Chemist: 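Got a structure for you, written out below as structure tokens; questions coming shortly.
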Amino acid sequence: MLLIWAQTGFVYEYDDKVWGDNWAFFADESLNYPYCDCEDRFILFTRLVRDLLGLKCILIFYSGHLACAVQFFSEMEGDNIVLGGSKYVVTDPTYIGAPVGYTMPGMDNKTATVILLE
């Protein structure tokens, strides 16, 4: 439910078009502005997943796009990344309509940079 809300609850727009430059908002700021892009949705979504559900998340940095992956308590099917021996399932809050485990077309999980969020 959180993923669907993050995907569809906000109007997507590039920062440079709206603000004239690239900005990354804190989670609560994204709730106050009319537009958000991939990093804003990523920040808000992972903050909610970590704070409300207690699940670990990683940042996935592709060339020109940010997404995330979540370490679930139970086995989940789909695209995943292993970091430090733990499996994280891709959950992209910008890929509208994509369920857990789907990577946005054109993004390569094997070459992406990943960072554990703590």
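Only this structure's heavy atoms are used, side chains among them; waters, hydrogens and symmetry mates stay out. Model, not experiment: these values are computed from the prediction.
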Chemist: Distance from Ile60 atom CD1 to Phe42 atom CZ, nearest 0.5 Å?
Modeler: 9.0 Å

Chemist: In the structure I gave you, are the side-chain heavy atoms of Tyr95 and Pro105 within less than 4.5 Å of one another anywhere?
Modeler: yes

Chemist: Taking a hydrophobic cluster as the set of Ile, Leu, Val, Met, Phe, Trp and Tyr residues connected by side-chain heavy atoms closer than 4.5 Å, whether directly or through intermediates, do Leu66 and Val114 fall within one such cluster?
Modeler: no

Chemist: Checking Gln7 side chain against Pro99 main chain: does a donor-acceptor pair fall under 3.5 Å?
Modeler: no

Chemist: Following the transitive rule for hydrophobic clusters with a side-chain heavy-atom cut-off under 4.5 Å over Ile, Leu, Val, Met, Phe, Trp and Tyr, establish whether Leu116 and Leu59 coincide in one cluster.
Modeler: no

Chemist: So, taking the atom named CE in Met104 and the one named CG in Asp108, what distance separates them when rounded to the nearest 0.5 Å?
Modeler: 14.5 Å

Chemist: Check Gly54 against Phe73 and note the closest heavy-atom contact, atom names and distance.
Modeler: O-CZ, 4.0 Å

Chemist: Measuring from atom CG of Asp92 to atom OH of Tyr62, what distance do you get when rounded to the nearest 0.5 angstrom?
Modeler: 6.5 Å

Chemist: Specify the closest pair of heavy atoms between Ala6 and Arg41, including all atoms of both residues, with the distance to one decimal.
Modeler: O-NH1, 3.4 Å

Chemist: With a 4.5 Å cut-off on side-chain heavy-atom distances among I, L, V, M, F, W and Y, is there a chain of contacts connecting Leu48 to Phe45?
Modeler: yes

Chemist: Out of Leu53, Thr91, Val49, Asn80, which one pairs with Phe72 under the side-chain contact (heavy atoms from CB on, under 4.5 Å) rule?
Modeler: Thr91

Chemist: Show your working on side chain to side chain contact (heavy atoms under 4.5 Å, CB included) between Gln71 and Leu55 and close with a plain yes or no.
Modeler: CA-CA 6 Å; Gln71 182 185 26; Leu55 300 175; 6.0 Å; no

Chemist: Can Lys56 and Glu118 be counted as an ion pair, charged N to O under 4.0 angstrom?
Modeler: no

Chemist: Would you name the heavy atoms of Met76 and Lys87 that are closest together and state the gap between them?
Modeler: O-NZ, 3.2 Å

Chemist: Are Val89 and Leu2 connected in the hydrophobic side-chain network, where two residues link if heavy atoms are under 4.5 Å apart?
Modeler: yes

Chemist: Could you report the tightest heavy-atom contact between Leu117 and Arg50, atom names first, then the distance?
Modeler: CB-NH1, 2.9 Å

Chemist: Are Phe61 and Ile43 connected in a single hydrophobic cluster, I mean Ile/Leu/Val/Met/Phe/Trp/Tyr linked by side-chain heavy atoms less than 4.5 Å apart?
Modeler: yes

Chemist: Kindly say whether Thr103 contributes a backbone atom to a donor-acceptor pair with the side chain of Asp79 at under 3.5 angstrom?
Modeler: yes

Chemist: Run the side chain to side chain contact (heavy atoms under 4.5 Å, CB included) test on Leu83 and Ile58 for me, step by step, so that the C-alpha distance in whole Å, both residues' side-chain angles and the decisive distance to 0.1 Å come before the verdict.
Modeler: CA-CA 9 Å; Leu83 179 65; Ile58 59 172; 3.7 Å; yes

Chemist: Check Cys57 against Val70 and note the closest heavy-atom contact, atom names and distance.
Modeler: SG-CG2, 4.0 Å

